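Just so it is clear: chains get the letters A, B, ... in the order the sequence lines come, proteins before strands, and each one is counted from 1. As the structure is a prediction and not an experimental result, all values here were calculated from the model.
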Amino acid sequence: MEAITKRSKIKDLLTTEKVGTRVNIKGWVRTFRSNRFIALNDGSCLQNMQAVVDFEKMEEALLKRITTGACLSVTGMLTKSMGKGQDVEIMVESIHIYGNSDPEKYPLQPKKHSLEFLREIAHLRPRTNTFGAVLRIRHAVSYGIHKFFNDKGFYYLHTPIITGSDAEGAGEMFRVTMLDPVHPPVDEKGHADFSKDFFGKETNLTVSGQLEAELAALALSDVYTFGPTFRAENSNTARHLAEFWMIEPEMAFYDLNDNMDLAEEFVKYIISYTIENCREDLEYLTKRAEDEDKSKPQHQRSEMNLIDRLGFITANPFERLTYTAAIDILKNSKPNKKGKFQFPVNEWGMDLQSEHERFLVEKHFKKPVILYNYPISIKAFYMRLNDDDKTVAAMDVLFPGIGEIIGGSQREERYDVLKMRIRELGIDEKDLWWYLDTRRFGTAPHSGFGLGFERMVQFITGMGNIRDVIPFPRTPGNAAF
RNA sequence: UCCUCAGUAGCUCAGUUGGUUAGAGCACCUGACUGUUAAUCAGGGGGUCGUAGGUUCAAGUCCUACCUGGGGAGCCA
């Protein structure tokens, strides 16, 4: 009897010289061809390991149980492959089956499935090439983000997920309550009495960690958050989730320009990091997207493939222009003059529609665009008022295909101006006393932005729907798994 | 939430102006073959045509409502 062979990951067997040694791998069967060739995948990388069985020497009952989806432990000699399509393979000496998989009922077949179908079996879709690649990239992007900030001396700040403040103004919130849903305690007006609730007040899930991040930035200088975020908007699009992850750096002593510099450097770093560390998965997704493109009409196809597109982003400076300059370009643009825009651009102060942003990014500049200095009327209370009294020091980074990937601003650090803005927008300043306190005690110029994590992963993987870059998407009417 | 398109076998889809017993490929099962790469060849099983109403001699096909999904829009990250 041989000594027990330690399990290897398939990725390690492919990258280290182990030919001629006895190895053990464990994983899930992708296909079993010719009663002889098992394609086994353990998720460590895109590639399968081919395990070759001598079916004349194997028990037939065991062979019958090697079906798509079954989980196996395979031991044998790692050898140069005799066939084409793989460099090495395992000549099987023994097989242990951890888990059967009834081929009649297992929904994944060794063929292409639609993303819509896979979404319905989100518990099994990580076993596909596409989702394996997306999830590995999602990890790398996540790790790259922490590395970027850590290397720059930023501190990772954990902001609360349950929040008692509803002043963020970033949209509808999910209520968190322990009150009896049928017969809650009521106040004299007959409304639910949240003073009797778990926290003694009405609480919600966070829509942003920004305000808390600002508190920490005015002590630690440079911080960032990276956590779940919840929006109860009834948004049904390919780029919205009810639960998503957001990164929010906040920096003391950064003005708007420093903020834009950081945002651009950050995004480019993340993309470069992924290109360097996820080559194989990116190549797979690139090929996948190219195949998909072939079935589309010419004018809908992308000009550049996925990997080239990513490389292009890292190699070229983003276009920076003010809101005012953007309005000028849009006003004089062909689609505007020909009345092709659903929302014509005619006056300064209007909010830009996604068709306008898409025109600037995809047609006019053909690269990422940073718009800044927006009219005060269309932006949030905490953004710093510019000297013209008409605009605020806000900035949005717009990406091809997905639109706004980053939104940020220099924050209003002047106590009186901030208080005035809070009043103007009808927010109860009592809810924000702690926020205003930072402006009373040692205030400082500071800036920050928010990056939608899934939108970043969407751009890097080229996936068209945001529901396919998060393991278990939450959207209106869907909280399965 | 609004506009729009779609829902037929486990999956991907075809199904004529409403007209006999609703089809194909893949998957699955049986057999053959065995260095395969979405293996191949022969045979077989598999359907309340999204749900509920309605029109009609007759509905997968037409009408209404609802459900689910796609694309677009709004809100945003």
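Between Arg138(A) and Asp281(A) there is no salt bridge, since none of the side-chain N atoms of the basic residue sits less than 4.0 Å from a carboxylate O of the acidic one. In this structure, Lys152(A) pairs ionically with Glu265(A), as a charged nitrogen and a carboxylate oxygen lie closer than 4.0 Å. Using a 4.0 Å cut-off between charged side-chain N and carboxylate O, Arg455(A) and Glu404(A) make no salt bridge.
Counting any heavy atom pair closer than 4.0 Å across all strands shown, Thr229(A) reaches no nucleic acid atom. Within the 4.0 angstrom heavy-atom criterion, no nucleotide atom of any strand lies near Gln210(A).
Phe37(A) has its CZ atom 13 Å from the P atom of A38(B), to the nearest Å. If you take CD of Gln109(A) and C1' of G46(B), they are 14 Å apart, rounded to a whole angstrom. What separates CD of Gln50(A) from C1' of U36(B) is a distance of 7 Å, to the nearest Å. If you measure from atom CE of Met350(A) to atom P of G74(B), you get 11 Å, rounded to the nearest angstrom. The distance from atom CZ of Phe32(A) to atom P of U37(B) is 15 Å, rounded to the nearest whole Å. Across the protein-nucleic acid pair, Ile370(A) atom CD1 and A77(B) atom C1' stand 16 Å apart, rounded to whole Å. The interatomic distance linking Phe55(A) (CZ) with A32(B) (P) rounds to 12 Å, in whole Å. We find that CG of Leu115(A) is positioned 21 Å from P of A6(B), with the value rounded to whole Å.
A heavy atom closer than 4.0 Å to some atom of RNA chain B occurs in Glu404(A), Ile405(A), Ile406(A), these being the qualifying members of residues 398-409 of chain A. Within residues 69-83 of chain A, the residues having any heavy atom closer than 4.0 Å to RNA chain B are, in order of number, Ser81(A), Met82(A), Gly83(A). Within a heavy-atom distance below 4.0 Å of RNA chain B, no residue of residues 124-140 of chain A is found.
Each of Thr15(A), Asp42(A), Ile90(A) was compared with Ile10(A) under the side-chain contact (heavy atoms from CB on, under 4.5 Å) criterion, and only Asp42(A) meets it. Just one residue in the list Tyr143(A), Tyr273(A), Tyr269(A) forms a ring-ring contact (aromatic ring centres under 6.0 Å, His included) with Phe148(A), and that residue is Tyr269(A).
Neither OP1 nor OP2 of G70(B) sits under 4.0 Å from any side-chain N or O of Asn236(A). Listed pair Ser34(A) / A39(B) fails the phosphate criterion, with no side-chain N or O lying under 4.0 Å from OP1 or OP2. Under 4.0 angstrom from either OP1 or OP2 of C75(B) there lies no side-chain N or O belonging to Arg239(A). Taking side-chain N and O atoms only, Gln353(A) has no distance below 4.0 Å to OP1 or OP2 of A73(B). The side chain of Ser208(A) contributes no N or O atom lying less than 4.0 Å from OP1 or OP2 of A77(B). Side-chain nitrogen and oxygen atoms of Arg467(A) include none within less than 4.0 Å of the OP1 or OP2 phosphate oxygen of G69(B). Between Ser354(A) and G74(B) there is a side-chain N or O to OP1 or OP2 distance below 4.0 Å. In terms of phosphate contacts, Arg33(A) brings a side-chain nitrogen or oxygen within less than 4.0 Å of OP1 or OP2 of A39(B).
Spacing of P atoms, U20(B) relative to U61(B), comes out at 14 Å, to the nearest Å. Taking atom P on both G70(B) and C62(B), the two are 24 Å apart, rounded to the nearest angstrom. Comparing the C1' positions of A27(B) and A9(B) gives a spacing of 11 Å, expressed to the nearest Å. Comparing the P positions of G7(B) and G31(B) gives an interatomic distance of 39 Å, to the nearest angstrom.
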Table of protein N/O atoms under 3.5 Å from nucleotides 29-31 of chain B N/O atoms:
none

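The two atoms that bring Ala263(A) and Met395(A) nearest to each other are CB-CE, 3.9 Å, heavy atoms only. Closest approach of Val469(A) to Glu454(A), counting heavy atoms only: CG2-O, 3.6 Å.
Nearer the 5' end of RNA chain B, as judged by each residue's closest nucleotide, is the contact made by Thr31(A), out of Thr31(A) and Glu120(A). Comparing Thr475(A) and Phe453(A), the nucleotide of RNA chain B nearest to each residue sits closer to the 5' end for Thr475(A).
The closest donor-acceptor contact from the side chain of Thr31(A) to the backbone of Arg33(A) lies at 3.5 Å or more, if one exists at all.
Counting only Watson-Crick and G-U wobble pairs whose two key distances fall under 3.5 Å, RNA chain B forms stems of three or more stacked pairs at B:1-7 with B:67-73, B:10-13 with B:23-26, B:28-32 with B:40-44, B:50-54 with B:62-66.
Taking every side-chain heavy atom of Arg231(A) into account, C76(B) is the closest of U37(B), C76(B), G35(B).
Taking only distance into account, the side chain of Gln86(A) meets the base of U37(B) through a donor-acceptor pair shorter than 3.5 Å. Not a single donor-acceptor pair, N or O on each side, falls under 3.5 Å between the base of G74(B) and the side chain of Gln342(A). A donor N or O paired with an acceptor N or O is found under 3.5 Å between the base of C76(B) and the side-chain atoms of His240(A). Taking only distance into account, the side chain of Ser235(A) never meets the base of C76(B) through a donor-acceptor pair shorter than 3.5 Å.
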Just distance, no hydrogens or angles: give the donor-acceptor pairs under 3.5 Å from side chains in residues 359-368 of chain A, sequence neighbours left out.
from, atom 1, to, atom 2, distance (Å)
Glu362(A), OE2, Gly401(A), N, 2.9
Lys367(A), NZ, Pro317(A), O, 3.1

Please set out all donor-acceptor pairs under 3.5 angstrom arising from side-chain atoms of residues 341-355 of chain A, sequence neighbours excluded.
from, atom 1, to, atom 2, distance (Å)
Trp348(A), NE1, Thr324(A), OG1, 3.0
Glu355(A), OE1, Gln342(A), N, 3.0
Glu355(A), OE2, Gln342(A), N, 3.0
Glu355(A), OE2, Phe343(A), N, 2.7

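Remark: Phe154(A) engages Phe149(A) in a ring pair (Phe, Tyr, Trp, His ring centres under 6.0 Å) (not counting sequence neighbours). For Lys268(A), the side chain to side chain contact (heavy atoms under 4.5 Å, CB included) criterion is met by Glu264(A), Phe318(A), not counting sequence neighbours. Partners of Tyr106(A) under the ring pair (Phe, Tyr, Trp, His ring centres under 6.0 Å) rule, at least two apart in sequence or in another chain, do not exist in this structure. With sequence neighbours excluded, the residues that form a ring pair (Phe, Tyr, Trp, His ring centres under 6.0 Å) with His146(A) are Tyr156(A), Tyr224(A), Phe226(A). Lys9(A) pairs by the salt bridge (charged side-chain N to carboxylate O under 4.0 Å, His left out) definition with nothing, not counting sequence neighbours.
Between Glu212(A) and Thr206(A) the shortest side-chain heavy-atom distance does not fall below 4.5 Å. Taking 4.5 Å as the limit, every side-chain heavy atom of Val134(A) sits out of range of all side-chain heavy atoms of Asp468(A).
Within 6.0 Å of atom CD in Glu60(A), 12 or fewer heavy atoms from other residues, nucleotides or ligands are found, so the atom counts as exposed in its surroundings. Other residues, nucleotides and ligands place no more than 12 heavy atoms under 6.0 Å from the OH atom of Tyr155(A).
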